[in-house]
Amino acid sequence: MSGLRAGVSRRRILADEVRVRYAPSPTGLPHIGNIRTALFNWLFARHHGGKFIVRIEDTDQERLVPGAVDGILDGLEWLDIDWDEGPRVGGDFGSYFQSERLPLYHAEAERLIQQGDAYRCYCTRERLVEVRAEQERNKVSLGYDRRCRHLTQAERNAFEDEGAPSVVRFAMPETGVTKLKDLIRDEVEWQNELVDDFILLKSDGFPTYHLAVVTDDHLMQVSHVLRAEEWLSSAPRHLQLYRALGYTPPEHGHLPMILGPDRAKLSKRHGATSILEYREDGFLPDALRNFMVLLGWSLDDKTEVMPLETMVDNFTLDRVGKPAAIFDREKLTWMNGVYIRDMDVESLADALTPFLEQGLAPELLPLDRSYLLTIVPLIQERLKSLTEAPDMIAYFLEEQPEYDPANLVQRGMTTEEALQALEKALHYLKSAEFDTERLEEDMRSLGEELGLTPRRFFGTLRWAATGRNVSPPLFDTMVVLGKERVTARLGWALENLTS
RNA sequence: GCCCCGGUCGUCUAGCCAGGUUAGGACGCCACCCUUUCAAGGUGGAGAUCAUGGGAUCGAAGCCCAUCCGGGGUACCA
């Protein structure tokens, strides 16, 4: 396990190099809030020309979810958030899985015990539950009562002799205050006496987050810790650990949280849990990324849609806000539409293809790429999500769309008029040149001859040609469908309306 | 309960640090224009006594204090 000798063999790095990390726990798939933290770290690193590291915090053996690591990494890759060190790419400070760094944590814990900054605790879970219940009854602040901190050597030996399981706890200073100059929240301070003796090493030999994060951030030479606000109350513990270990702590910045519509911490209940679900729901990575960056950061007083380079060039912590944000899916949807409209036809067709192959009836496949390329421009500005495409283009592919012929008779129109309209239009179309301008000009005059408003005349023809009441502009649609399909469908309409 | 953070239109936010015009933009909503439907686009509108109360100041969304509300933490979870 030579990879663990990071403390000895690590490469020297520039003293002022920015090194930030995203340290997800593989207990599930990352949601928007999680990934937003990754995005901010990534932007910070790229803005300062530093390194972005991914480290897997798999110290909770009970909550590990199989496949979560891949889900996390795939999500980052989908969003084009690349990392300089971490799983799949390696790096000089590995392993990037905490479960493979256990000896490192044990060494630190042992050192702290020797120094008197930590101690073994033999309290059973039952006793901890009792202590807690007692504290709640007396309405005093909650936390471990430090019983084992004051054990005599004889008592310790007794526990050890009987093989009692133990954990290692940190001995918090019982007086004084711990201050943090937070990069986003400025000065924050805590009374040490109110922070309890938290656990460093669990009885299964795995470290808690606190020990692992401090050890690794130091060893990996992390310069800035940018994490969600939910970690703010752990900061005094980490700061005290750095102090006891004799390490200079990195800068800290606690990012605003992202809440669900009910203002509560984002969880499985709030719709799309995993970032990958947004991909399945037809969102573009660029749109999602742009939307996320706006949750807690702003470029100026008006710019919202912006390219990645602009984000990188301008991302600074002084423009990150403090208040938590509520995730508004409607605005994401709008932004997705903006990005869809901005794509070139080829790229959009590419992006759409998997959704079409999945959403279209099997008999309509395979797709004819060149035909698809003529359809895409017609639906592009109508699309807000890629998932809407199959339904929007099905009638371009169907032999004969199914619909109730009664629809051919528009409001305020008689059946006779509808028949007339179809007949005349069919007659004309059979010998017409399929050109949008031409068709429109001729059909308008034809409508006038029939004494029908464009709304009614074209409405009838739209039903006949597409089997829908809404479609892209009629003549563009007809041109793409082609004379053969259009005339055949008008013929079908005529027959079915008659009978 | 205790500790910490936060509070500008329904939502995301600019402005706050270095007080000084009608508190700006975006989503959503409404209306109108364009118009062959749906979108897109354009124009306009409603929507914020800047959480509340007090204070210092000629002057406060900005500074100070208190209160209220919201969130987070308070695990052998991260």
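Residue numbers begin at 1 in each chain, while the letters A, B, ... track the order of the sequences. As a basis for the values below, the full set of heavy atoms in this structure was taken, side chains included, without hydrogen atoms, waters or symmetry mates.
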Would you tell me if any nitrogen or oxygen in the side chain of [X] comes within less than 4.0 Å of OP1 or OP2 on [N]?
| X | N | result |
| --- | --- | --- |
| Arg444(A) | U36(B) | yes |
| Arg132(A) | A75(B) | yes |
| Thr27(A) | A78(B) | no |
| Lys202(A) | A78(B) | yes |
| Arg341(A) | G41(B) | yes |
| Arg319(A) | G15(B) | yes |
| Arg237(A) | U74(B) | no |

How would you label the contact of [X] with the nucleic acid (heavy atoms, under 4.0 Å): base, sugar-phosphate, or nothing?
| X | answer |
| --- | --- |
| Pro472(A) | base |
| Thr59(A) | sugar-phosphate |
| Arg125(A) | base |
| Met257(A) | sugar-phosphate |
| Gly321(A) | nothing |
| Pro473(A) | base |
| Glu330(A) | sugar-phosphate |
| Leu474(A) | base |
| Arg63(A) | base |
| Glu189(A) | sugar-phosphate |
| Arg462(A) | base |
| Val167(A) | base |
| Glu304(A) | base |
| Phe475(A) | base |

Rounding to an integer number of angstrom, what distance separates [N] and [M] when you compare their [atom1] atoms?
| N | M | atom1 | answer |
| --- | --- | --- | --- |
| A18(B) | A23(B) | P | 24 Å |
| A40(B) | C29(B) | P | 10 Å |
| C58(B) | A14(B) | C1' | 28 Å |
| A61(B) | G19(B) | C1' | 10 Å |
| G15(B) | G20(B) | P | 13 Å |
| A46(B) | A31(B) | P | 15 Å |
| A60(B) | U22(B) | P | 13 Å |
| A51(B) | U8(B) | P | 6 Å |

When the ring centroid of [X] is compared with that of [Y], is the distance short of 6.0 Å?
| X | Y | result |
| --- | --- | --- |
| Trp297(A) | Phe40(A) | no |
| Tyr209(A) | Trp231(A) | yes |
| Phe475(A) | Phe458(A) | yes |

### Summary
Given the options Arg237(A), Arg146(A), Arg169(A), Asp197(A) meets salt bridge (Lys or Arg N to Asp or Glu O under 4.0 Å) only with Arg146(A)

## Note on the structure
Between Phe458(A) and Trp334(A), the residue closer to the 5' end of RNA chain B by nearest nucleotide is Trp334(A)

### Query
Mapping Asn138(A) and Leu266(A) to their closest nucleotides on RNA chain B, which lands nearer the 5' end?
Asn138(A)

Would you say the side-chain atoms of [X] and [Y] include a donor-acceptor pair closer than 3.5 Å?
| X | Y | answer |
| --- | --- | --- |
| Ser347(A) | Asp344(A) | yes |
| Arg101(A) | Ser95(A) | no |
| Asp182(A) | His254(A) | yes |
| Asp216(A) | Tyr105(A) | yes |

Atom [atom1] of [X] to atom [atom2] of [N]: distance rounded to whole Å?
| X | N | atom1 | atom2 | result |
| --- | --- | --- | --- | --- |
| Ile258(A) | U11(B) | CD1 | P | 16 Å |
| Glu187(A) | C4(B) | CD | P | 14 Å |
| Trp190(A) | G72(B) | CH2 | P | 18 Å |
| Leu299(A) | G15(B) | CG | C1' | 15 Å |
| Trp297(A) | G15(B) | CH2 | P | 12 Å |
| Arg21(A) | A78(B) | CZ | C1' | 12 Å |

### Message
Surrounding CD of Glu162(A) (heavy atoms of other residues, nucleotides or ligands, distance under 6.0 Å), is the total greater than 12?
### Response
yes

### Task
Return yes when atom CZ of Arg455(A) has more than 12 non-hydrogen atoms of other residues, nucleotides or ligands closer than 6.0 Å, and no otherwise.
no

Selection from [options] that lies nearest to any side-chain heavy atom of [X]:
| X | options | answer |
| --- | --- | --- |
| Leu194(A) | U36(B), U11(B), C3(B) | C3(B) |
| Glu229(A) | G7(B), U13(B), G71(B) | G71(B) |
| Arg185(A) | A40(B), G6(B), C3(B) | G6(B) |
| Ser233(A) | G73(B), A14(B), A78(B) | G73(B) |
| Val470(A) | A78(B), C38(B), C27(B) | C38(B) |
| Ser298(A) | U13(B), A39(B), A78(B) | U13(B) |
| Pro323(A) | A40(B), C12(B), G7(B) | G7(B) |

Check whether the side chain of [X] and the base of [N] form a donor-acceptor pair under 3.5 Å.
| X | N | result |
| --- | --- | --- |
| Lys331(A) | A26(B) | yes |
| Arg455(A) | U36(B) | no |
| Ser203(A) | C76(B) | yes |

For [N], the Watson-Crick or wobble partner whose two distances fall under 3.5 Å:
| N | result |
| --- | --- |
| U21(B) | none |
| G59(B) | none |
| A51(B) | U67(B) |
| A14(B) | none |
| C2(B) | G73(B) |
| U43(B) | A31(B) |

